[in-house]
Number of protein chains: 2
Amino acid sequence: MSNDTPEELRLDNQLCFPLYAASRLITRLYKDRLEPLGITYPQYVVMMILWEDAPCAVKDVGRRAILNTNTLTPLLKRLEEQGYIRRQRDGSDERVVKIHLTDAGLALRDRCACVPWELLQSCDVPMDKVDELKALLDELLPVLKNSLDD
Amino acid sequence: MSNDTPEELRLDNQLCFPLYAASRLITRLYKDRLEPLGITYPQYVVMMILWEDAPCAVKDVGRRAILNTNTLTPLLKRLEEQGYIRRQRDGSDERVVKIHLTDAGLALRDRCACVPWELLQSCDVPMDKVDELKALLDELLPVLKNSLDD
DNA sequence: GCAAATAATATCGTGCACGATATAAGCTTG
DNA sequence: CAAGCTTATATCGTGCACGATATTATTTGC
């Protein structure tokens, strides 16, 4: 019996599926290393942004992480409960909530320093492939952002 | 004031972040085209598997989609409510739930046929880059699966 | 045959992700 | 300076994702 599914609807021919699957698998890999620190992968992304830019408005965190406040507000509240950040209204513009790093939040950076390296070690994927993949994704990302603005 | 964040913790140096971001952006792109059909992107992935393999045990859908029953069971129930599939215990092994396509489920395939092509058109990303990216991801995926089994 | 191990689904709890809507502060323009 | 527009954040509802655990059916070893 032949299968009439057209080629373009076969799972193995999709670009999006391996992207979607790889993203989830990597999040699982991170979990083992981030769970002892009490944070999730999306929280880790937000912390990376804050380690570079804090103090930083919620809006600016969202712009870099490509996340809206409906995702960020509860996530930031959880980070605040953990004691890693402080949320504080900006005096000069009361609409803005600025995110500040606490001492624990800054200290967390040192405890995370080995995570990216350890992760690369754990799955032996060749370094040149990683670089190639990253270059392609960095090219794709702005294109995707643009087509969502239309 | 200098920023002491080590290079490997900078967001722009991560491989995983653009993967995570691109995956989410693409899901948003799909949303516009799948919403009129009443399904989400993960449901679309499951339907692609069923168009190839139905009738098919939940376990086998999960193996291909890389999803466990805690995600699949509710997702499949929603597809059943929409009338696209039928869930039915296997007579020869009562543990197994086989997923069957309904007529509407099969008809949905034709209505989805243009989706992958339309999506590629909507964001003008060059075809050779897409192929390159897909090849790299198909190489990465098995490696990731392996390192999660350890 | 029957207890223990294994296998296939299901359920539960927590945390994203996101469209839609609400709220409140600031800005603008007549 | 007031009505209306814009901006920043928050809230709500739905649907993944997934670790942990429960449930029921089959298989395995004695």
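By convention in this document, chain letters (A, B, ...) are assigned in the order of the sequence lines, proteins followed by strands, and residues within each chain are numbered from 1.
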*Residues in side chain to side chain donor-acceptor pair (under 3.5 Å) with Glu80(B), at least two apart?*
Arg87(B)
_Run the side chain to side chain donor-acceptor pair (under 3.5 Å) test against Glu94(A) and tell me which residues pass, sequence neighbours left out._
none
*How would you list, by chain and number, every residue that makes a salt bridge (charged side-chain N to carboxylate O under 4.0 Å, His left out) with Asp12(B), sequence neighbours excluded?*
Arg64(A)
*Go through the structure and list residues passing salt bridge (charged side-chain N to carboxylate O under 4.0 Å, His left out) with Arg95(B), not counting sequence neighbours.*
Asp93(B)
*Separation of atom CD in Glu94(B) from atom C1' in dT9(C), rounded to whole Å*: 12 Å
*Who pairs with Asn13(A) by side chain to side chain donor-acceptor pair (under 3.5 Å), at least two apart in sequence or on another chain?*
Glu7(A)
_Counterpart residues, salt bridge (charged side-chain N to carboxylate O under 4.0 Å, His left out), relative to Arg63(A) (two or more places apart)_ = Asp60(A)
*Name all residues meeting the side chain to side chain donor-acceptor pair (under 3.5 Å) criterion together with Gln121(B); count only those two or more places apart in sequence or in a different chain, and write none if there are none.*
none
*Tell me, for nucleotides 3-16 of chain D in 5' to 3' order, what letter each nucleotide earns: B for a base near a protein heavy atom under 4.0 Å, S for only sugar-phosphate near one, - for neither?*
----BSBBBB--SS
_salt bridge (Lys or Arg N to Asp or Glu O under 4.0 Å) contacts in which one or both residues fall within residues 127-142 of chain B, not counting sequence neighbours_ = Lys129(A)-Glu139(B), Glu139(A)-Lys129(B), Lys134(B)-Asp138(B)
*Enter the inter-axis angle for the ends of the helix from dG1(C)-dC30(D) to dG30(C)-dC1(D) (five pairs per end, rounded to 10°).*
10°
_According to a hydrophobic-cluster definition based on side-chain heavy atoms being under 4.5 Å apart (Ile, Leu, Val, Met, Phe, Trp, Tyr only), do Leu50(B) and Leu34(B) belong together?_
yes
*Can you tell me which residue pairs pass the side-chain hydrogen bond (donor to acceptor under 3.5 Å, both in side chains) test with a partner in residues 28-41 of chain A, sequence neighbours excluded?*
Arg33(A)-Glu118(A)
*For residues 23-36 of chain A, which residues have at least one heavy atom under 4.0 Å from DNA chain C?*
none
_Atom pair distance, as rounded to whole Å: CG in Asp90(B) and P in dA7(C)_ = 17 Å
